[in-house]
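Below, chain A is the first sequence line, B the second, and so on; all start at residue 1.
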2 protein chains.
Amino acid sequence: MPAKRQPAPTTAEHAPLELEHFLPYRLSILSNTISQAIADDYQRRYDISVTEWRVMAVLARFDGLSAREVAERTAMDKVAVSRALARLVAGGRVSRAIHNNDKRRSVLGLTEAGWAMHDEVAPMARAREREVLAKLDAEERAWLERILDKLTPVKQE
Amino acid sequence: MPAKRQPAPTTAEHAPLELEHFLPYRLSILSNTISQAIADDYQRRYDISVTEWRVMAVLARFDGLSAREVAERTAMDKVAVSRALARLVAGGRVSRAIHNNDKRRSVLGLTEAGWAMHDEVAPMARAREREVLAKLDAEERAWLERILDKLTPVKQE
DNA sequence: ACGTTATAGTTTCATATGAAACCATTTGCA
DNA sequence: TGCAAATGGTTTCATATGAAACTATAACGT
């Protein structure tokens, strides 16, 4: 080895992080893998991004939300929501009206086409989720549920 | 409400996805929240990105890797690694030599400055991880460990 | 009423990212 | 050997993203 060697040996004294066991890293990998697998299902078919799908999913549950409320519920920032909505409205999947008492706010909802797409994608997404969860037994699934509840305070209705 | 109403009521027949209980969504939120919290610690201070830090963490553990091997171990694509390395080498945190028997390959390692930074950031990262895990009790932590093992096959040495 | 401050949403700009094309070197094999 | 295919790595180009600036409307205090 001619190249200059490490100034210090890669040993315990430096206590290097073991990425394979580092929670944030593992969560990141897992999350990306799963989300991508699901996205692959619908992105080609419907030409829609993950953020757009999330907006649609939220509007399917909560009809008439404003853009800001969508941002809250999807944990996306308002710029991302604004852009997703622009595409969704242009694509005829989301309808946008102006709020009666507040002309700044929009009143959003799925269109018929939006519902049609939703009704095809939602079962696919759920099926993928089941595939992942199938790797766990019932007890593990219950613990996962409980652990996620503790780590991520869920925003309730 | 004068604006055109939903073509269909938001009821059970459409079975909308409940994002708050949808595993991929929750993992995504959790992962981003945690990674960002850690990144906030070092990004300002050291002007370094998450991808760059991951490359450094891997080189701290496995000295002399090639860029491709770094990509494998960080689950990043090779373009991202190439760019991260360019910045790290320019910043004097990573050394790059050419492999003796294969002039295409680089032989990477942390420099003294790289080690110095690593030795400050690694404990911070671990501390943040502990903060998150502190929300769980010992039993839950054990289950989480086990569940992650089952869901994400770890690449071993 | 009227100006100040806050809020909803969009646009701009600068940076991050990934796919595909690219260059250099090595490997496989006729 | 010598040439096609594979591999390591970088660059290019097109798209995604977020912070900050901006526009329009509403709320608040006087």
query: Are the side chain of A:T111 and the backbone of A:G92 linked by a donor-acceptor contact shorter than 3.5 Å?
result: yes
field: Sugar-phosphate, base or nothing in reach of A:S49, heavy atoms under 4.0 Å
entry: nothing
- prompt: Can you check the B:L85 CG to D:dT10 C1' distance for me, whole Å?
  reply: 11 Å
query: With side chains defined as the heavy atoms from C-beta onward, is the minimum distance between B:R45 and B:V121 less than 4.5 Å?
result: no
Side chain proximity check, A:R26 to A:E20, heavy atoms < 4.5 angstrom: no
- prompt: For the side chain of A:S28 and the backbone of A:P24, is there at least one donor-acceptor N/O pair under 3.5 Å apart?
  reply: no
Protein-nucleotides 21-25 of chain D N/O pairs closer than 3.5 Å?
residue, atom, partner, partner atom, Å
D:dT25, O2, A:R104, NH1, 3.3

message: Using only atom types and a distance under 3.5 Å, with no angle test, would you say the side chain of B:T74 pairs donor to acceptor with the backbone of B:V70?
response: yes
- prompt: So is B:R73 actually on top of B:F62's ring, under 6.0 Å and inside 45° of the axis?
  reply: yes
message: Can you confirm whether B:R105 sits close enough to B:E69 that some side-chain heavy atom of one is under 4.5 Å from a side-chain heavy atom of the other?
response: yes
- request: Considering only heavy atoms of chain B and a distance under 4.0 Å, specify the first and last nucleotide of DNA chain C in 5' to 3' order that meet this criterion.
  value: C:dT17 to C:dT26
message: Distance check needed: D:dT10 P versus B:R105 CZ, whole Å only.
response: 14 Å
message: Could you tell me if the side chain of B:R87 sits less than 4.5 Å from the side chain of B:D47, heavy atoms only?
response: yes
